[in-house]
Protein chains: 2
Amino acid sequence: MNKFGDLIRSKREEQEMLLRHLSAQLDMDTAMLSKIERGEKTVKREHIETLAKLFKLDCNYLFSLWLADQVFQLVENEKQALQALKIAEKELKINNET
Amino acid sequence: MNKFGDLIRSKREEQEMLLRHLSAQLDMDTAMLSKIERGEKTVKREHIETLAKLFKLDCNYLFSLWLADQVFQLVENEKQALQALKIAEKELKINNET
DNA sequence: ATTAATTTGTCTATTTTTGACAAACGTATT
DNA sequence: AATACGTTTGTCAAAAATAGACAAATTAAT
């Protein structure tokens, strides 16, 4: 799963931007951006806002995709992945209430 | 949240073991085990099975606690934590089906 | 106060991640 | 086929994160 990168790529292509155009705005080289779009690397937190503004996306939503990708990476390939997520989620809810 | 460490500690105390007894079995010093039980450090994967056997716990369950703690650490303090978990979970389910 | 158990802090070694750069690849155009 | 352009891949050094040994401090018990 690479929802973040996929979205950025689709938005970029939608606007007919090249890697080099966007990478310049993010102050990185095209190779890096390419890797980010394909989920091989992760963009820095600070870049999320920039990207959201650029593509008129909801910043919180974009951030949640970014975070979800990282969670996914952590648990994918694990047999107990779903169970672990459920446990974490439950705990999170408890903490939010109190 | 530190479900893994809490469980180990409670099991250890239940059996009136000292840190030094358990730490010897895990081939680490007491300081390290102390940190693990309090969630300051994470135990190595290989240790999970040892611990499960020692305390007669379900290895898969213990592993899922261990993983959940790591997921939790990743998202705690994030406003979008729950949303991110939901997204990851959804994706996980899709992947499991196919 | 002494001893025992646990916790905390510090410091080095190891591992992991980052990102720049160059080279390779694919595709279209001439 | 050769060139040009966009993208991807590989490599490598620097930087950051983590691990874990050890010592010292803290807490608790006798």
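Reckoned from all heavy atoms, side chains included, excluding hydrogens, waters and symmetry mates. A quick note: this is a predicted structure, and the numbers were derived from the prediction, not measured.
Comparing dT7(D), dT6(C), dC22(D) against the side chain of Leu18(B) picks out dT6(C) as the nearest. When each of dA20(C), dT7(C), dT7(D) is scored by its nearest atom to the side-chain atoms of Ser34(A), the top-ranked nucleotide is dT7(D). Closest approach to the Met32(B) side chain among dT7(C), dT11(D), dA21(D) is made by dA21(D) (side chain taken as heavy atoms from C-beta onward).
Counting to the nearest Å, the P atom of dT6(C) and the CG atom of Leu22(B) are 10 Å from each other. Separating the CG atom of Leu33(A) from the P atom of dA20(C) is a distance of 12 Å, rounded to the nearest angstrom. Atom-to-atom, CG of Leu26(A) to P of dA20(C) comes out at 12 Å; the value is rounded to the nearest Å. With rounding to whole Å, Ile36(A) atom CD1 is found 15 Å from dT17(C) atom P. Residue Asp29(B) contributes atom CG, which lies 14 Å from atom P of dA19(D) at whole-angstrom precision. Note: CD (Gln70(A)) to C1' (dT17(C)) measures 12 Å, nearest angstrom. Rounded to whole Å, the distance from CD on Glu16(A) to C1' on dG6(D) is 14 Å. Nucleotide dT8(C) holds its C1' atom 8 Å from the CZ atom of Arg38(B), rounded to whole Å.
The backbone N or O of Thr30(A) lies less than 3.5 Å from no partner atom in the side chain of Ser34(A), so there is not a single donor-acceptor pair. Asn2(B) places a side-chain N or O within donor-acceptor distance of the main-chain N or O of Glu37(B), the cut-off being under 3.5 Å.
An OP1 or OP2 oxygen of dT6(C) is reached within less than 4.0 angstrom by no side-chain nitrogen or oxygen of Arg9(B). Taking only side-chain nitrogens and oxygens, Arg12(A) comes nearer than 4.0 Å to OP1 or OP2 of dT7(D). The shortest distance between the side-chain N/O atoms of Arg20(B) and the OP1/OP2 oxygens of dA5(C) is below 4.0 Å.
For the pair Met17(B) and Thr42(A), both in contact range of DNA chain C, the more 5′-proximal nearest nucleotide belongs to Met17(B).
At least one side-chain heavy atom of Met28(B) sits less than 4.5 Å from a side-chain heavy atom of Ile36(B).
Taking 3.5 Å as the limit, the base of dG20(D) and the side chain of Lys41(B) contain a donor-acceptor pair of atoms between them. A donor-acceptor contact under 3.5 Å is not formed by the side chain of Lys44(B) with the base of dG20(D).
No single ILVMFWY cluster, assembled from side-chain heavy atoms under 4.5 Å apart, contains both Leu18(B) and Ile8(B).
Note that CZ of Arg20(B) and CG of Asp29(B) are 13.5 Å apart. Values are rounded to the nearest 0.5 Å.
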